[in-house]
Amino acid sequence: GLLAACVSVDLAGKAAKAPIAHYDLGGAAAVAGAGGGIGLRSVDVVAPSWLDTPAMQYRLAYAEASRRSSFTESRWVAPPPELIQQVLRRSLSVGDAGAVAGNCRLVVDVDEFIQRFDSPQSSTAVLELRVALIDARAEAPLARRSFSIARPATGADARGGVAALGSATAEAALAISRWLGGLDAAGEGQQIARRCRAAQ
């Protein structure tokens, strides 16, 4: 009993802080057959300053909808743009041996990446992206699309938010892959896929 008490109490007589837990998007699976043949040179993911931090953010929509807060004992292992970029690069086979090399790059703006609490017992992962396919030679946009994904969390805590945000990111990767795959057919003569695959 005395040893257990010593472990949980510091020298000042206060309860010792729990160690910070660090999370990644391990649940965000790669997408098979991604990209539909679009030749991507790179995927660049950017975000505003308040999202470009390892803080794991949440919003109490039921109490103070305009306030962003962060879990004190949970962190991302890297800022969300870096985590999302890793998932997209893997899913779209950018940089992999045998992948379609090309003249286009994908630029992804992260507008939201947060766990929203609609009540003390219920939360949702919210991911909002703006995606642009850019001709890397001319720096000219070929196509743009916005994606907004909400996934319910299984628990009203940081761990539940991590799983839901991982699922939302995987869903976004699949949606982006399908969008890219359909661009050539919907390009109305622009032949977007051919421009991205053109010999350098």
Side-chain angles (χ1 to χ4, degrees), residues 23-57 75-114 125-151 162 164-200:
Y23 294 94
D24 59 19
L25 296 175
V31 180
I38 291 287
L40 292 178
R41 178 179 298 180
S42 65
V43 175
D44 302 310
V45 180
V46 296
S49 58
W50 59 88
L51 286 176
D52 199 11
T53 165
M56 191 173 292
Q57 300 180 23
R75 298 280 190 280
W76 295 112
V77 296
E82 185 176 338
L83 299 176
I84 294 170
Q85 180 170 279
Q86 181 187 40
V87 172
L88 291 179
R89 284 180 56 86
R90 185 173 68 242
S91 296
L92 300 173
S93 301
V94 176
D96 291 349
V100 179
N103 295 317
C104 289
R105 62 190 186 97
L106 202 67
V107 178
V108 180
D109 285 275
V110 183
D111 290 328
E112 190 57 286
F113 187 86
I114 198 168
V126 179
L127 174 61
E128 296 177 356
L129 307 173
R130 287 177 291 121
V131 182
L133 183 66
I134 307 294
D135 184 331
R137 296 161 300 180
E139 282 299 308
L142 300 176
R144 300 181 186 274
R145 176 82 181 269
S146 295
F147 298 87
S148 181
I149 297 171
R151 294 294 297 266
V162 168
L165 284 164
S167 295
T169 303
E171 184 175 334
L174 178 59
I176 291 170
S177 172
R178 288 174 173 169
W179 171 63
L180 290 173
L183 280 179
D184 203 27
E188 298 180 357
Q190 296 180 42
Q191 297 180 325
I192 292 174
R194 180 177 297 178
R195 289 182 64 176
C196 289
R197 290 196 303 264
Q200 302 185 28

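- Note that the CD atom of E128 and the CG atom of D111 stand 6.5 Å from one another [nearest 0.5 Å].
- Inter-residue side-chain proximity for Q86 and L25 is flagged as unmet; no heavy-atom pair is nearer than 4.5 Å.
- Interatomic distance, CD1 of I192 versus CG of L183, reported as 4.5 Å (0.5 Å rounding).
- Under the rule for a side chain to side chain donor-acceptor pair (under 3.5 Å), R75 has no partner lying at least two apart in sequence or in another chain.
- For the pair R89 and V43, the tightest heavy-atom approach, listed with the atom from each and the gap, is CG-CB, 4.1 Å.
- Counting heavy atoms from C-beta on, the side chains of L92 and S177 come closer than 4.5 Å.
- Listed here is the closest heavy atom pair of E139 and A136: OE2-O, 3.6 Å.
- Taking the side chain as every heavy atom from C-beta outward, L142 and C196 approach each other to under 4.5 Å.
- In this structure, the separation between CD1 on I134 and CZ on R41 is 12.5 Å, given to the nearest 0.5 Å.
- At least one side-chain heavy atom of E112 sits under 4.5 Å from a side-chain heavy atom of L51.
- Listed here is the closest heavy atom pair of D44 and S42: OD2-OG, 3.5 Å.
- Using a 4.5 Å heavy-atom threshold, the side chains of L165 and Y23 count as separate.
- In terms of heavy-atom proximity, T53 sits nearest to P80 at O-CD, 3.2 Å.
- S146 OG to D109 CG: the interatomic distance, rounded to the nearest 0.5 Å, is 9.5 Å.
- Using a 4.5 Å heavy-atom cutoff, the side chains of W76 and V162 are in contact.
- In this structure, CZ in R195 is found 7.0 Å from CZ in R137, a value given to the nearest 0.5 Å.
- Side-chain contact check for F113 versus I84: some heavy-atom pair is nearer than 4.5 Å.
- Partners of R144 by side chain to side chain donor-acceptor pair (under 3.5 Å), not counting sequence neighbours: none found.
- For Q57, the side chain to side chain donor-acceptor pair (under 3.5 Å) test picks out R68, with sequence neighbours left out.
- The heavy-atom pair separating D52 from P81 by the smallest distance is OD1-CG, 3.9 Å.
- Side-chain contact between L88 and T169 is absent, with no heavy atoms from C-beta onward closer than 4.5 Å.
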